[in-house]
Amino acid sequence: MMFEPDFAGAEVCPSPNFGERRGGLLPDMLILHYTGMETGQGAQDWLCAPESEVSSHYLVHEDGRIVQMVREADRAWHAGRSSWQGCEDINSCSIGIEIANAGHPQGLPDFPDIQIEAVLKLGKDICWRHKIGPKRVLGHSDIAPGRKVDPGENFPWERLAKGGLGTFVAVPPISGGHSLGAGDAGPAVQALQRLLSGYGYGIAQTGIFDRDTEVAVREFQRHFRPLEINGIADVWTCAILQKLMYD
């Protein structure tokens, strides 16, 4: 069924893959994805195919065209099994934007400037209308660590933040100091887990640097330190996390 677009200028291509938002939840998060498919049109066809059982509110093509597939009032099926700050039904409290890009399977191709400018314009409009704060603009890898890696370490989070969408923390390089990694335990690990949990990752504060902690650190790095994605919490990674939480 056709509908009027929520974002002026968007084309409409309705997807049958949606439902009602649950529990009275309203969108207070914006989740960014890459399509991971060879072409934008192929991704659009899949997101609108009943058999796929996936969808997103919007798709931004490589040439900057914006297509809306699900009304913002409805629950699109874009987040899957995910969680953030204790919420495990991200689909009901978010709006999803798919960005046409072949992603990791094709070596992380660059996102064209015209496409990123369209994402900026669309994302800022959504955040303004729904009063979504910068820290609630996240990637699929943030809300589904260990399961998803999009929109990837090549995604220009810093550029978006400078343009007024989302957040990015710039900390000068820090060398030396003690790093935390697999097998470590104690108060320092628990403090790290407390920060990661406070930011949004669903990890237990056990004081043991377990697999869940390593995955959370790795996906945090994918967003905020994309040149060093190793799951090791060195002093630079910890400084970024602390600045993000306390500034």
Side-chain angles (χ1 to χ4, degrees), residues 23 25 28-34 36 78-94 96 103-105 108 133-155 157-158 161 166-247:
L25 293 173
D28 67 356
M29 301 176 69
L30 178 62
I31 308 301
L32 305 183
H33 310 252
Y34 67 42
H78 63 98
R81 189 176 71 256
S82 53
S83 68
W84 194 254
Q85 294 184 339
C87 177
E88 296 186 351
D89 185 3
I90 301 300
N91 282 335
S92 286
C93 66
S94 68
H104 288 83
L108 291 172
K135 292 183 182 179
R136 301 283 283 182
V137 179
L138 301 163
H140 204 182
S141 57
D142 292 311
I143 62 172
R147 190 175 71 84
K148 293 294 183 179
V149 293
D150 59 302
E153 55 271 27
N154 200 35
F155 188 70
W157 287 109
E158 184 174 9
T167 185
F168 190 87
V169 176
V171 173
I174 304 171
S175 60
H178 180 63
S179 298
L180 299 171
D184 287 334
V189 173
Q190 191 169 40
L192 170 66
Q193 292 170 331
R194 188 178 303 115
L195 286 171
L196 289 167
S197 177
Y199 178 53
Y201 296 103
I203 61 172
Q205 298 173 37
T206 62
I208 301 171
F209 202 108
D210 54 15
R211 176 63 176 167
D212 287 346
T213 303
E214 181 180 351
V215 168
V217 170
R218 187 175 67 238
E219 296 314 320
F220 178 82
Q221 291 171 326
R222 197 180 305 279
H223 187 145
F224 291 100
R225 195 182 171 195
L227 297 181
E228 189 69 57
I229 307 171
N230 56 16
I232 297 173
D234 62 359
V235 291
W236 193 358
T237 298
C238 292
I240 295 171
L241 179 57
Q242 289 174 334
K243 186 174 180 63
L244 177 69
M245 289 298 295
Y246 296 134
D247 280 11

Quick check: does any side chain N or O of Gln205 sit under 3.5 Å from a backbone N or O of Ala191, one acting as donor and the other as acceptor? no
Below 4.5 Å, heavy atoms only, C-beta onward: do Val215 and Arg218 meet side chain to side chain? yes
Excluding sequence neighbours, so at least two apart, what forms side-chain hydrogen bond (donor to acceptor under 3.5 Å, both in side chains) with Ser92? Arg75, Asp89
If the condition is side-chain contact (heavy atoms from CB on, under 4.5 Å), which residues does Ala239 pass it with, not counting sequence neighbours? Val171, Ile174
Closer than 3.5 angstrom, by distance alone: can the side chain of Gln193 be matched with the main-chain N or O of Ile208 as a donor-acceptor pair? yes
Quick check: closest heavy atoms across Leu180 and Ala188, and the distance to 0.1 Å? CD1-O, 3.7 Å
Enumerate the residue pairs fulfilling salt bridge (Lys or Arg N to Asp or Glu O under 4.0 Å) with a member in residues 220-243, sequence neighbours excluded, ordered by first and then second residue. Glu153-Arg222, Glu219-Arg222, Arg225-Asp234, Lys243-Asp247
Do you know which two heavy atoms are closest between Ser82 and Ala144, and how far apart they sit? CB-CB, 4.3 Å
What pairs meet the side-chain hydrogen bond (donor to acceptor under 3.5 Å, both in side chains) rule with one or both residues in residues 179-192, with sequence neighbours excluded? none
Quick one: side-chain contact (heavy atoms from CB on, under 4.5 Å) partners of Asn154, sequence neighbours excluded? Leu108, Asp110
Tell me, which pairs form a ring-ring contact (aromatic ring centres under 6.0 Å, His included) where one or both residues lie in residues 224-247, sequence neighbours left out? Phe220-Phe224
For Cys93 and Cys87, which heavy atoms make the closest approach, and how far apart are they? SG-SG, 3.7 Å
Can you see which heavy atom on His223 is nearest to which on Phe168, and at what distance? O-CE1, 3.5 Å
For Gln221, enumerate each residue passing the side-chain hydrogen bond (donor to acceptor under 3.5 Å, both in side chains) test, keeping only those at least two apart in sequence or located in another chain. Asn230, Thr237
Tyr34: which residues meet the ring pair (Phe, Tyr, Trp, His ring centres under 6.0 Å) condition with it, sequence neighbours left out? His104
Between Pro151 and Trp157, is there a side-chain heavy-atom distance shorter than 4.5 Å? yes
Applying side-chain contact (heavy atoms from CB on, under 4.5 Å), name anything that partners Ala216, two or more places apart in sequence or on another chain. Leu196, Tyr201, Ile203
My understanding is that only residues two or more places apart in sequence, or in another chain, count here; which of them pass ring pair (Phe, Tyr, Trp, His ring centres under 6.0 Å) with His33? His78, His140
Heavy-atom closest pair, residues Gly177 and Val235: CA-CG1, 3.8 Å
Residues at least two apart in sequence or cross-chain that pass side-chain hydrogen bond (donor to acceptor under 3.5 Å, both in side chains) with Glu88, listed by chain then number, are none
Any pair counted as salt bridge (Lys or Arg N to Asp or Glu O under 4.0 Å), so long as it reaches residues 136-146, sequence neighbours left out: Asp28-Arg136
Mind running side chain to side chain contact (heavy atoms under 4.5 Å, CB included) on Leu192 and Leu241 for me, showing each step along the way? CA-CA 9 Å; Leu192 170 66; Leu241 179 57; 3.9 Å; yes
Taking all non-hydrogen atoms of both residues, which atom of Ser94 and which atom of Ile31 are closest, and how far apart? CB-CG1, 3.9 Å
